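Here is the structure we will look at.
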2 protein chains.
Amino acid sequence: MPGIDAVAALAGVSTATVSRALSGNGHVSPSTRVRVHDAARELGYVVSSPASSLASGRTKNVGVVVPFISRWFYSSVLEGAGSALLKNGYDLTLYGLTGGGGVDERRSVFEHFLLRKRVDAVLALTIELTTGELQSLLDLKKPIVGIGGPLAGVQTLSIDDVGVALLATEHLLGLGHRCIGMIGGESGFELDFHLPTNRRAGYERALRSAGIEPAPHLFLPADFTIRGGYQAATALLRDPRSRPSALFAASDEMAMGSILAARDLGLSVPGDVSIIGIDGHEHSDFFGLTTVAQFPERQGAHAVEMLMDQLHPGRRDPTPTNIPLPVELIVRTSTAPPSPPPLPPAAPAP
Amino acid sequence: MPGIDAVAALAGVSTATVSRALSGNGHVSPSTRVRVHDAARELGYVVSSPASSLASGRTKNVGVVVPFISRWFYSSVLEGAGSALLKNGYDLTLYGLTGGGGVDERRSVFEHFLLRKRVDAVLALTIELTTGELQSLLDLKKPIVGIGGPLAGVQTLSIDDVGVALLATEHLLGLGHRCIGMIGGESGFELDFHLPTNRRAGYERALRSAGIEPAPHLFLPADFTIRGGYQAATALLRDPRSRPSALFAASDEMAMGSILAARDLGLSVPGDVSIIGIDGHEHSDFFGLTTVAQFPERQGAHAVEMLMDQLHPGRRDPTPTNIPLPVELIVRTSTAPPSPPPLPPAAPAP
DNA sequence: CTGAAAGCGCTTACAG
DNA sequence: CTGAAAGCGCTTACAG
């Protein structure tokens, strides 16, 4: 592993010039730049990150704090963020708050690991932070971007949960459904307590706009898993007398559980019941699930762009503070008009 | 952010002593140690990682190279590895080889990112490396541990694929099945070309030990996804005349796809067909899937322990080179004796 | 555009 | 057990 002096010697310049030529900070004549790059390549020189960081205060590394790693949404965001960081020459250091370590583990992340001067910025994925944790992040005086729930004092990125639920429900209404159930989130949802509320609000608003008063017995909370969706859907669909003709699940995993529940009840999807989810989960295609896709990989990449904008001011037009994240209704085979079709509006019986 | 001198001043010692007391390297009298720790806590001192790394050559960071992030097996291993690293005071820097960047991205990981002196060791997850890539890893002269496929010159950790398949197939044989199909991997499996071969070998060995010659038309390769399993199972189960009474899928996702395929064909599981998988996937419980679980989180934690042993010689008895990873047959409701039950051995017809 | 030199904040032989 | 001092390998004002 040659050092910077070897490169300087070979290129016939000072180490200062090598540093400037390779990093792009400071002016170097074109010809010198070429000589330095050639020398570096020839020697296989790669800058020592600790030395560079110590001298410059920059680490070229971003810390990503996640509540779970092995869940589709998080790992997809990670995938997108990691790839975007790599393109920008940044490493991604992962701080999972999952493990068996529990409270101690979590505290050590905020009180030790993130304070080691190892990251230039922090990306926080949908995670409910205590005020103390939030404060230690802010004390870092480093760019922070959050994905998901609002974080006081932090630039965040999130989909419009009300709008997404509105879109999903309106799709069902547009097909002619009038009796639409919803599988939502528990109110004490661990990750972001606004999400369940907002998605339910969108659902209810869509119904009311269509002149339908939401029926409380058609709403059931679950835990965002396949199993939870299965159980809730079973409860909602079991009784033929109260059975909705369509189900809106606040996540694709719950929607998939609903599809399986419907089948186990002997109901056909979408013949007897239409089902729509939210996510665009990797398995939604296989299940033929109609869904509102939210593209988590792009969210990760997007968050990285925002961080890069803060890390390199002037690099391009600054990102506006609140970018609405794109979502897309993907219609597959789990939704269809109700059957029998609703009666056309008729004059009320005398 | 106070520096080491502030701590030294408050504790009334030299910075050298502070360093020794806090890092545990070198002797410090008990009373001094306490004073230094108190001073550090009072000031909220956290060592600067770049400074420490530059001076010591140690980074307290491990690089993890993964082919995919958002797949159950990988994200689960990551989860386990990340948690174990945190407990040891190490960071986890993630190098995903997935992204759209393709070849360039992949090359930059091996030729740039891993050479920055930012990691003390490398963990490579089930990834088929080119000789060049492997060489750059070995050139780092740092501890490397691989999970999954064998990597020449690297200490690796993997389950006994032959044994696992043997176990799964023997479970079916033990229930009385004689006609057992297998959904395996394509021979050109991108991640580890030994895995499909070994699992098939275990399946065939189990059959032969039971006096059954494996029938080529009962083996179908697929791509380890739910969809792939669904398609393969549909093909294997469609024709009643050649239908096996049990299916062994080389992964749980394929087994889940098989369960769904069986249902769509009007077959009951396990009534008409028994299905077993390999993995212990988070969803296997929901599907009632009998499986051979391989505990990826523990694999990640285990790999970390091996790295720590190499990083801190003498910290405890060295790990033997080849630890068989534990697997466990978990019997759920997707497997049962065939019906109608096989006839008891009878004298051959005259 | 380029170089000499100070300095980033630690760790660790070396000496006592 | 402890301290003074060199040194880790860069970056960057400062001066030219």
Side-chain angles (χ1 to χ4, degrees), chain A residues 1-37 39-40 43-61 89 91 112 115-120 141 311-312, chain B residues 1-37 39-40 43-61 89 91 112 115-120 141 311-312:
Chain A
M1 294 268 103
I4 197 173
D5 348 8
V7 179
L10 182 59
V13 295
S14 71
T15 59
T17 298
V18 173
S19 173
R20 282 189 280 252
L22 258 27
S23 70
N25 297 127
H27 283 197
V28 174
S29 77
S31 68
T32 307
R33 180 190 313 283
V34 171
R35 277 218 315 291
V36 171
H37 273 97
L43 296 172
Y45 170 75
V46 176
V47 66
S48 158
S49 164
S52 173
S53 298
L54 179 58
S56 71
R58 282 174 262 106
T59 63
K60 288 266 188 180
N61 186 28
D91 280 339
H112 178 73
L115 306 182
R116 287 205 247 187
K117 303 211 165 70
R118 188 166 268 176
V119 301
D120 289 337
K141 303 286 180 206
L311 252 15
H312 309 285
Chain B
M1 294 272 101
I4 197 174
D5 348 7
V7 179
L10 182 58
V13 295
S14 71
T15 58
T17 298
V18 173
S19 173
R20 283 189 279 251
L22 259 27
S23 69
N25 297 126
H27 282 197
V28 174
S29 77
S31 67
T32 307
R33 179 189 315 283
V34 171
R35 278 216 315 290
V36 170
H37 272 98
L43 296 172
Y45 170 76
V46 176
V47 67
S48 157
S49 163
S52 172
S53 298
L54 179 59
S56 71
R58 281 174 263 108
T59 64
K60 287 262 184 184
N61 187 28
D91 280 338
H112 178 73
L115 305 182
R116 287 206 246 188
K117 304 209 165 73
R118 188 166 268 177
V119 301
D120 290 336
K141 304 284 179 207
L311 253 16
H312 309 283

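It should be emphasised that the depicted structure is a prediction, and the values quoted were computed from it without experimental measurement.
- The main-chain N or O of A:Ser52 is found under 3.5 Å from a side-chain atom of A:Ser56 such that the two form a donor-acceptor pair.
- For the C1' atoms, the distance linking C:dT12 with C:dG16 amounts to 16 Å, nearest Å.
- Between the side chain of A:Thr59 and the main chain of A:Ser53, no donor-acceptor pair closer than 3.5 Å is present.
- There is a side-chain donor-acceptor pair under 3.5 Å between B:Ser49 and A:Arg118.
- Here B:Ser29 does not reach the OP1 or OP2 of D:dC1: none of its side-chain N or O atoms lies under 4.0 Å away.
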* **5'-to-3' dot-bracket of DNA chain C (Watson-Crick, G-U; under 3.5 angstrom; crossing pairs as [ ]; | other strand)** => |||.||||||||.|||
* **Protein proximity profile, nucleotides 8-16 of chain C - base contact B, sugar-phosphate-only contact S, no contact -, cut-off 4.0 Å on heavy atoms** => BBBSBB---
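- Using a distance-only test at 3.5 Å, with no hydrogens or angles considered, a donor-acceptor pair links the side chain of A:Ser23 to the main chain of A:Ser19.
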* To do: Could you check A:Leu22 against A:Val47 for side-chain contact (heavy atoms from CB on, under 4.5 Å), going step by step and ending with a plain yes or no?
  => CA-CA 9 Å; A:Leu22 258 27; A:Val47 66; over 6 Å; no
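- Without hydrogens or angle criteria, A:Arg35 side chain to A:Ala11 main chain gives a donor-acceptor distance under 3.5 Å.
- Separating the P atom of C:dA6 from that of C:dT2 is a span of 23 Å, rounded to the nearest Å.
- A donor-acceptor contact closer than 3.5 angstrom is absent between the side chains of B:Thr15 and B:Asp5.
- Annotation: B:His27, atom NE2; neighbour count of heavy atoms from other residues, nucleotides and ligands within 6.0 Å does not exceed 12.
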